[in-house]
Amino acid sequence: MSNSSETVLPLVDEAVAPCCPPLTERPLDAEEAERAARMFKALGDPVRLRLFSLVASHEGGEACVCDISDVGVSQPTVSHHLKKLKDAGLLTSERRGTWVYYRVAPSVLAAMGKLLTARA
């Protein structure tokens, strides 16, 4: 079982690596702006924002695709949107049998919030 946990942790670490300083701290460099834009662009679609919200707010911090697929679009479309969120570094996933479980690392939410934090 510890082998399963070890495979999940690197996925979470990879997903939180792309973070940027607060916009009020200094101008973003080109790479930081690209990463931040990818994250916010992925959330610019209402279906993706709903899926992200469903995963982020799900009890235990992770959700089976079977629990979050009722967002008014077909299952292949849900899979497409989840892939876009994962590609943007907003979600990680782990296959367990026939189901895929998605997770939002708390540090992803913190990094996105920090990016938009105003100076005190």
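As the structure is a computational prediction, the values presented were derived from the model and not from experiment.
Every side chain to side chain contact (heavy atoms under 4.5 Å, CB included) that Cys66 has, sequence neighbours left out, goes to Cys64, Trp99.
With contacts defined as side-chain heavy-atom distances shorter than 4.5 Å, the pair Arg35/Arg38 qualifies. Side-chain contact between Leu82 and Val100 is absent, with no heavy-atom pair separated by less than 4.5 Å. Within the 4.5 Å cutoff, side-chain heavy atoms of Leu115 are placed close to those of Leu28. Using a 4.5 Å heavy-atom threshold, the side chains of Phe52 and Leu109 count as touching.
Counting only distance, with no hydrogens or angles, the side chain of Arg48 and the backbone of Lys84 share no donor-acceptor pair below 3.5 Å.
For the atom pair OH of Tyr102 and NE2 of His58, the computed distance is 14.0 Å after rounding to the nearest 0.5 Å. If you take OG on Ser74 and NE2 on His80, they are separated by 10.5 Å, rounding to the nearest 0.5 Å. The distance from the CG atom of Leu85 to the CE atom of Met39 is 10.5 Å, given to the nearest 0.5 Å. One finds the CG atom of Asp70 at 11.0 Å from the CD1 atom of Ile68 (value rounded to the nearest 0.5 Å). One distance of note links NE2 of His81 with CZ of Arg50; it measures 11.0 Å at 0.5 Å rounding.
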Report the C-alpha distance between Met112 and Val108 in whole Å, list the side-chain angles of each, state the deciding distance to 0.1 Å, and finish with yes or no for side chain to side chain contact (heavy atoms under 4.5 Å, CB included).
CA-CA 6 Å; Met112 291 178 75; Val108 168; 4.2 Å; yes

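Of all heavy-atom pairs spanning Glu32 and Asp29, the tightest one is N-OD1, 2.7 Å.
Just one residue in the list Val78, Thr77, Val73 forms a side chain to side chain contact (heavy atoms under 4.5 Å, CB included) with Gln75, and that residue is Val78.
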